[in-house]
Amino acid sequence: MSEALQSLLDLLDLERIEEDIYRGHSRSAVVPRVFGGQVAAQAMVAAGRTVPEDRHAHSLHAYFLRPGDPGAPIVYSVDRLRDGRSFTTRRVVAVQHGKPIFTLSASFQTYEEGLDHQAPMPPAPDPATLPTGEDRLRSYPHLPAGTVERFLEARAAVDLRYVDDPPFGDFGTPRDPHSQVWFRTSGKLADDPLLHVVLATYVSDMTLLDSVLLAHGRGGWAVGDVVGASLDHAMWFHRPFRADEWLLYDQQSPSASGGRGLGQARIHTRDGRLAVSVVQEGVVRVPRER
């Protein structure tokens with residue numbers, strides 16, 4: 001396991017303060033606020049620790065309410081909304097400086113047999129044939145060195161490979177609002193299903209709004225031609241998967257309007273199983289000229 005991955009696992013390992021109350025910390029991100037994927041992942045850790053081991057996460061629905069302060073701890077309070085025969089529901093509120101910054105509802109289910117079908121996996125090149133994230137980032141001379149280093153530090157625990165140029169790599173001309181990345185953690189993980197859900201939740205916030213930027217030829221936060229933040233985030237976990245094995249994150253944007261952009265995505269395992277569906281809306285604004 002890489003040092004960066006161990007550091008991320010330590011970050012997600014919350015401190016128990018009291019019954020159903022946990023405390024987490026943050027680290028620097030590409031933008032000067034807490035990375036949304038970190039808060040969502042930590043909230044899932046808090047929720048999962050109050051659920052029996054035989055019930056696995058099948059969905060989450062979250063709202064980002066305020067920017068998180070990376071210099072202050074985050075307190076996660078869990079409400080046990082329901083413990084049914086098959087389903088368990090939890091609500092988590094993340095608080096900083098006495099105010100909620102994030103809320104999450106998560107549902108867990110015992111395993112059962114049922115109807116089974118899925119959308120086919122889209123075509124994508126083998127991840128082994130693609131440049132590494134570091135090679136891709138360092139190939140763009142227009143990116144400031146500091147920006148590249150911040151990206152590499154923020155993503156060091158994840159091997160994330162773009163199929164095509166990301167928005168910040170080739171911008172100025174609108175492209176098809178469709179983006180693909182392969183990802184896996186930079187080391188093996190334990191066989192805890194919740195841990196793999198938590199890591200996928202963390203990564204899911206890294207690139208989902210890229211397709212919004214592609215549609216308008218914008219480079220994004222890395223080059224400063226838009227400002228934005230996540231507003232809400234939803235995930236459905238359909239089938240078991242491992243976050244330490246290659247996963248294809250296929251993303252598209254059906255709409256942007258009113259200063260907001262919508263991203264939709266599916267995560268497939270390398271052998272073609274549909275593992276996760278994801279939807280996110282975010283603020284995407286063009287800075288006003290002074």
Practice task
Verify the cluster assignment for Phe102 and Val75: are they in a single hydrophobic cluster under the rule of side-chain heavy atoms below 4.5 Å apart?
Solution key: no
Handout entry: Within 6.0 angstrom of Arg285 CZ, more than 12 heavy atoms from elsewhere
Key = no
Exercise for the section: May I have the step-by-step check of side chain to side chain contact (heavy atoms under 4.5 Å, CB included) for Ser86 and Glu112, ending in yes or no? Expected result: CA-CA 9 Å; Ser86 299; Glu112 62 181 80; 4.2 Å; yes
Exercise for the section: Report yes if the distance between the aromatic ring centroids of His268 and Trp182 is under 6.0 Å, otherwise no. Expected result: no
Practice task
State whether the number of non-hydrogen atoms from other residues, nucleotides or ligands found under 6.0 Å of Gln6 atom CD is greater than 12.
Solution key: yes
Exercise for the section: Provide the closest heavy-atom pair for Arg161 versus Pro127 in the form atom of the first, atom of the second, distance. Expected result: NH1-O, 3.2 Å
Handout entry: side chain to side chain contact (heavy atoms under 4.5 Å, CB included) between Leu214 and Ser179, worked out
Key = CA-CA 8 Å; Leu214 292 175; Ser179 175; 4.0 Å; yes
Problem - NZ/NE/NH1/NH2 to OD/OE distance under 4.0 Å, Glu149 and Arg138 - result: yes
Handout entry: Presence of salt bridge, Arg155 and Glu134, under 4.0 angstrom
Key = no
Handout entry: Flag, side chain of Thr201 to backbone of Val197, donor-acceptor distance under 3.5 Å
Key = yes
Problem - Main-chain N/O of Leu81 paired with Asp79 side-chain donor or acceptor, under 3.5 Å - result: no
Practice task
Inspect the surroundings of CZ in Arg91 and state if more than 12 heavy atoms from other residues, nucleotides or ligands are less than 6.0 Å away.
Solution key: no
Problem - Donor-acceptor contact present, side-chain Gln252 to main-chain Pro177, <3.5 Å - result: no
Handout entry: Distance in Å, Asp126 CG paired with Arg270 CZ, rounded so as to fall on 0.5 Å steps
Key = 4.5 Å
Problem - side chain to side chain contact (heavy atoms under 4.5 Å, CB included) between Gln180 and Asp164, intermediate numbers included - result: CA-CA 7 Å; Gln180 289 182 324; Asp164 296 306; 5.7 Å; no
Handout entry: Check: Pro125 and Val163 side chains under 4.5 Å, non-hydrogen atoms
Key = yes
Problem - Ser26 side, atom OG; Phe35 side, atom CZ - distance, nearest 0.5 Å - result: 11.5 Å
Handout entry: Closest approach of Val78 to Ala47 (non-hydrogen atoms, all atoms of both residues)
Key = CG2-N, 4.3 Å
Handout entry: Joint cluster assignment, Leu262 & Val284, ILVMFWY side-chain distance < 4.5 Å
Key = no
Exercise for the section: Quick one: closest heavy-atom pair of Arg85 and Arg55, and the distance? Expected result: O-NH2, 2.9 Å
Problem - Note: Glu281-Arg260 ion pair, threshold 4.0 Å (strictly below) - result: yes
Practice task
Of all the heavy-atom pairs spanning Pro100 and Arg66, show the shortest one and how long it is.
Solution key: O-NH1, 2.6 Å
Handout entry: Residues Asp20 and Arg90 bridged, charged N to O under 4.0 Å
Key = no
Exercise for the section: Hey, could you give me the NE2/CG distance between His97 and Asp69, rounded to the nearest 0.5 Å? Expected result: 4.0 Å
Handout entry: Derivation of the salt bridge (charged side-chain N to carboxylate O under 4.0 Å, His left out) call for Arg80 and Glu19
Key = CA-CA 11 Å; Arg80 302 185 182 221; Glu19 185 74 15; 3.4 Å; yes
Handout entry: Heavy-atom side-chain proximity of Arg266 to Leu274 below 4.5 angstrom
Key = yes
Problem - Exam field: side chain Ser211 to backbone His178, donor-acceptor pair closer than 3.5 Å - result: no
Problem - Straight-line distance of Phe108 CZ to Glu53 CD, nearest 0.5 Å - result: 12.5 Å
Handout entry: Donor-acceptor pair, side chain of Glu15 and main chain of His25, under 3.5 angstrom
Key = no
Problem - Pair His233 + Tyr63: ring centers closer than 6.0 Å - result: no
Exercise for the section: Report yes if some heavy atom in the side chain of Leu194 is under 4.5 Å from a heavy atom in the side chain of His56; otherwise report no. Expected result: no
Problem - Rounded distance [0.5 Å steps], CG in Asp159 versus CZ in Phe183 - result: 11.0 Å
Problem - Whether Phe241 and Phe237 hold their rings parallel, tilted or perpendicular, with breakpoints at 30° and 60° - result: parallel
Problem - Closest heavy-atom pair and its distance - Pro240, Arg273 - result: O-NH1, 2.8 Å
Problem - Any donor-acceptor pair under 3.5 Å from Gln118 side chain to Gly272 backbone - result: yes
Problem - same_hphob_cluster(Leu247, Leu9) at 4.5 Å side-chain heavy-atom cutoff - result: yes
Handout entry: Gln38 side-chain N/O to Leu11 backbone N/O, donor-acceptor pair under 3.5 Å
Key = no
Handout entry: Asp244 and Arg184 ion-paired at < 4.0 Å
Key = no
Handout entry: 4.5 Å side-chain heavy-atom contact, Leu189 and His196
Key = yes
Handout entry: Sub-4.5 Å side-chain heavy-atom contact between Leu65 and Thr103
Key = yes
Practice task
Take Glu113 and Tyr111 through the side-chain hydrogen bond (donor to acceptor under 3.5 Å, both in side chains) test and state the conclusion after the steps.
Solution key: CA-CA 7 Å; Glu113 297 287 346; Tyr111 175 78; 2.9 Å; yes
Exercise for the section: Apply the test side chain to side chain contact (heavy atoms under 4.5 Å, CB included) to residues Phe171 and Arg218: give CA-CA distance (whole Å), side-chain angles for both, the deciding distance (0.1 Å), then the verdict. Expected result: CA-CA 5 Å; Phe171 55 94; Arg218 296 283 168 172; 6.0 Å; no
Handout entry: Inter-residue atom distance Thr185.OG1 - Leu5.CG, 0.5 Å rounding
Key = 5.0 Å
Exercise for the section: Say whether, by atom type as modelled, one donor and one acceptor occur between the side chain of Asp205 and the main chain of Gly37 under 3.5 angstrom. Expected result: yes
Exercise for the section: Please state whether the rings of Phe151 and Phe168 are parallel, tilted or perpendicular, taking 30° and 60° as the class boundaries. Expected result: tilted
Exercise for the section: Answer whether the closest heavy-atom distance between the side chains of Leu248 and Trp246 falls below 4.5 Å. Expected result: no
Handout entry: Verdict with supporting geometry, Asp165 and Arg175, salt bridge (charged side-chain N to carboxylate O under 4.0 Å, His left out)
Key = CA-CA 11 Å; Asp165 284 315; Arg175 289 189 268 161; 5.3 Å; no
Handout entry: Validation row: His238, Ser277 side chains within 4.5 angstrom (heavy atoms)
Key = yes
Problem - Path from Phe64 to Val93 over hydrophobic side-chain contacts below 4.5 Å - result: no
Handout entry: Step-by-step side-chain hydrogen bond (donor to acceptor under 3.5 Å, both in side chains) determination, Thr132 to Asp135
Key = CA-CA 5 Å; Thr132 66; Asp135 288 344; 3.3 Å; yes
Exercise for the section: Please confirm whether the backbone N or O of Ser204 pairs with a side-chain atom of Tyr249, one donor and one acceptor, at under 3.5 Å? Expected result: yes
Problem - Contact check, side chains of Leu209 and Leu213, non-hydrogen atoms, under 4.5 Å - result: no
Problem - Single-linkage hydrophobic cluster Met235~Leu231, side-chain heavy atoms < 4.5 angstrom - result: no
Handout entry: Distance-minimising heavy-atom pair for Ser107 and His58
Key = OG-NE2, 2.6 Å
